[in-house]
Amino acid sequence: MTNMLKQGLQQKIVQKLSPLQIQTIKLLELPTLELEQRIKKELEENPVLDEVVDDSEQDDGSVKNVSLSEYGTDDPTPSYKLYVNNQGKDLKPQYNAFSVKESFHQSLEMQLGYSSLDGRSKQIASFMIGMLDDDGYLRRDLESLADDISFRQNIETNESELEDILKVIQEFEPVGVGARDLQECLLLQLKAKDPSEEQQIAEEIISDYFLEFSKKHYAKIVSKMEITENQLKGAIEEIVKLNPRPGGQMDDSYMDQAQQVVPDFLLDLKDGEFIMVMPKFSVPELRVNKRYADLLLDSAKHSNREGKEAATFVKQKLDSAKWFVEAIRQRQNTLHNTMNAIIDFQHDYFIDGDETKLRPMVLKNIAEKTGLDISTISRVVNCKYIQTHFGIYPLKYFFSEGLMTNSGEEVSTREIKNILAKSINVENKRKPFTDEELVSVLEEKGYKVARRTVAKYREQLNIPIARLRKEL
């Protein structure tokens with residue numbers, strides 16, 4: 001009943017939105033490259049939209065492009081809304097592209113394509129790759145996986161076949177991928193290393209004494225394996241170099257191909273003043289092809305069914321074109337105003353990129369500064385990047401919650417996390433700080449933080465508990 005009420009409410013909200021509002025909402029979420037692709041798609045799908053051509057280059061017999069504003073409609077729109085002036089003298093995009101890593105699963109699928117597996121096995125392997133979590137682990141047991149493949153792929157298989165295919169996947173880069181638990185993940189990486197005394201001892205520790213190792217019962221390991229403390233120390237040094245999350249921390253060496261990301265904003269600092277611009281992109285001035293303009297005029301003179309249908313079709317396409325261009329204009333204004341509000345709010349930070357100057361900032365702060373809805377700010381921030389004089393950052397980077405210091409000053413949680421990480425880095429590794437002790441360390445520095453909050457920040461920083469940080 002509750003779901004039905006929610007669906008009904010959502011339908012009512014959608015019904016109240018105009019086509020222009022719906023179009024604007026969709027365009028707001030798109031980063032620059034996707035916006036250009038969306039514009040190209042609209043040009044292909046809407047025959048009324050046409051790129052401007054130089055009239056002087058046309059022959060007398062060619063179809064002329066005419067300004068949309070020359071033709072009256074039942075819904076007149078000011079001429080300034082009929083085109084988007086985002087073009088400079090150079091129509092080519094003016095931005096610096098940078099690369100981000102291709103997705104973990106894309107990399108594995110590419111390696112699967114080069115494997116010696118037959119077509120059927122590749123289909124099963126592809127399904128298994130899709131079941132790996134973001135850390136690169138296969139959390140589902142093979143028996144259940146066989147049932148899933150039979151049901152979803154209509155391929156009958158068994159645990160033995162899946163085990164053989166999994167071994168092939170486990171040979172892919174990054175080493176350790178496809179493991180079913182941490183122990184298997186570490187063993188896969190150790191077996192791939194060049195043989196050495198440290199490597200052999202480390203492999204035996206993970207294989208036979210993993211429980212003792214995970215609990216840091218080093219004395220038991222030394223006694224049972226009859227090795228020296230120095231030998232144990234050498235083996236541990238090998239183990240700590242391994243990656244417990246092969247899917248989540250892929251090295252750039254695996255990234256032969258990269259996905260292109262284009263900054264949506266460019267920020268420069270000149271003579272103490274911020275200059276923020278949005279990259280130019282080629283959006284043709286909206287023009288209606290004369291063929292369709294004449295059709296619209298001629299059909300208005302006829303009352304027959306065909307004439308009315310033609311008039312309705314062209315009118316719909318004209319309206320769609322106007323909504324699309326106005327939505328782009330509104331998108332640009334909204335992005336521009338939102339980014340300026342963020343820069344104003346984080347003014348001190350943007351001067352030199354000093355993280356300690358980042359103020360606590362949530363979506364509500366920017367919504368209040370711009371007069372926009374929080375959901376609108378969320379769409380603007382999503383998947384957008386800004387290029388500054390000290391690096392390229394996603395807009396989400398500048399948002400964080402805040403806490404009060406003992407002096408009553410509000411500070412960003414990011415600043416507290418940095419101090420927490422630095423405190424742990426300089427701790428005595430033979431006796432690392434517990435979460436309770438970290439609370440006292442932060443309090444000495446003027447930050448009053450609860451123990452559960454310290455634990456949460458520590459986990460977000462991927463820092464293990466004190467017992468697991470202990471070293472010999």
Side-chain angles (χ1 to χ4, degrees), residues 2-4 6-7 10 29 34 37 99-193 202-208 210-211 213-214 239 242-261 382-383 459 462:
T2 305
N3 289 334
M4 290 178 64
K6 285 183 178 177
Q7 289 174 357
Q10 289 173 347
E29 296 177 333
E34 290 184 27
Q37 293 166 3
S99 297
V100 293
K101 298 174 183 177
E102 69 178 346
S103 79
F104 166 62
H105 291 88
Q106 282 177 332
S107 175
L108 295 179
E109 287 286 355
M110 184 175 68
Q111 294 175 71
L112 176 61
Y114 293 118
S115 72
S116 59
L117 293 174
D118 58 33
R120 178 180 180 278
S121 296
K122 281 185 177 178
Q123 195 173 350
I124 294 173
S126 180
F127 185 88
M128 294 176 75
I129 287 171
M131 295 300 291
L132 299 181
D133 65 15
D134 291 338
D135 291 335
Y137 287 86
L138 182 65
R139 306 289 186 185
R140 198 155 174 77
D141 65 89
L142 296 183
E143 183 180 359
S144 301
L145 204 56
D147 292 338
D148 290 343
I149 293 171
S150 175
F151 179 72
R152 298 186 192 179
Q153 304 291 105
N154 198 26
I155 298 176
E156 290 297 327
T157 184
N158 53 51
E159 291 181 59
S160 177
E161 183 181 21
L162 294 183
E163 186 77 47
D164 291 338
I165 294 174
L166 181 60
K167 287 178 181 177
V168 175
I169 295 173
Q170 289 176 343
E171 294 175 358
F172 292 171
E173 296 280 0
V175 182
V177 71
R180 283 156 284 191
D181 53 41
L182 178 59
Q183 184 179 16
E184 185 177 20
C185 178
L186 298 179
L187 278 173
L188 287 170
Q189 295 178 61
L190 284 169
K191 288 176 180 178
K193 283 180 169 288
E203 188 175 331
E204 185 178 349
I205 289 172
I206 298 301
S207 177
D208 301 334
F210 184 71
L211 182 61
F213 174 77
S214 62
I239 295 171
L242 306 177
N243 187 354
R245 300 174 58 242
Q249 299 175 355
M250 292 181 66
D251 186 80
D252 286 335
S253 60
Y254 308 131
M255 298 300 106
D256 292 331
Q257 294 194 1
Q259 297 171 336
Q260 195 178 55
V261 171
N382 186 45
C383 297
E459 289 170 1
N462 293 320

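- Side-chain N or O atoms of Gln170 include one that pairs as donor or acceptor with a backbone N or O of Gly178 at under 3.5 Å.
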Which is it for Glu161 and Arg120 under the side-chain contact (heavy atoms from CB on, under 4.5 Å) test, yes or no, and what are the steps along the way?
CA-CA 11 Å; Glu161 183 181 21; Arg120 178 180 180 278; 2.3 Å; yes
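- Ile206 and Gln183 get closest at one heavy-atom pair: O-NE2, 2.7 Å.
- When the shell of 6.0 Å around CG of Asp118 is examined, it contains more than 12 heavy atoms from other residues, nucleotides or ligands.
- Put simply, CZ on Phe210 and CD1 on Ile239 are 9.0 Å apart, with the number rounded to the nearest 0.5 Å.
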Test log, rule side-chain contact (heavy atoms from CB on, under 4.5 Å), inputs Lys122 and Ser115:
CA-CA 8 Å; Lys122 281 185 177 178; Ser115 72; 3.6 Å; yes
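- One N or O on the side chain of Asp141 and one on the backbone of Glu143 form a donor-acceptor pair closer than 3.5 Å.
- Side-chain N or O atoms of Glu29 include none that pairs as donor or acceptor with a backbone N or O of Asn382 at under 3.5 Å.
- Here the CZ atom belonging to Arg245 is positioned 11.0 Å from the SG atom belonging to Cys185, to the nearest 0.5 angstrom.
- The backbone N or O of Asp147 lies less than 3.5 Å from no partner atom in the side chain of Ser150, so there is not a single donor-acceptor pair.
- Separating the CD1 atom in Ile124 from the CD1 atom in Ile155 is a distance of 5.0 Å, to the nearest 0.5 Å.
- Nearest heavy-atom pair, Tyr137 versus Pro246, reported as atom, atom and distance to 0.1 Å: CE1-CD, 4.4 Å.
- Using a 4.5 Å heavy-atom cutoff, the side chains of Ser214 and Leu211 are in contact.
- Here the straight-line distance linking atom CG of Asp208 with atom CD of Glu203 works out to 9.5 Å at 0.5 Å rounding.
- Nearest heavy atom pair, residue His105 against residue Ile129, reads CD2-O, 3.0 Å.
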Report the C-alpha separation of Lys193 and Val175 in whole Å, then their side-chain angles, then the decisive distance to 0.1 Å, and conclude whether the side-chain contact (heavy atoms from CB on, under 4.5 Å) test is met.
CA-CA 10 Å; Lys193 283 180 169 288; Val175 182; over 6 Å; no
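- Shown here for Leu112 and Ala125, the closest heavy-atom pair between the two residues is CD1-CB, 3.6 Å.
- Considering OG of Ser126 and CD of Glu109, their distance stands at 3.5 Å, rounded to 0.5 Å.
- At least one side-chain heavy atom of Leu138 sits less than 4.5 Å from a side-chain heavy atom of Leu145.
- Note that CG of Leu162 is 5.0 Å distant from CE of Met128, once rounded to the nearest 0.5 Å.
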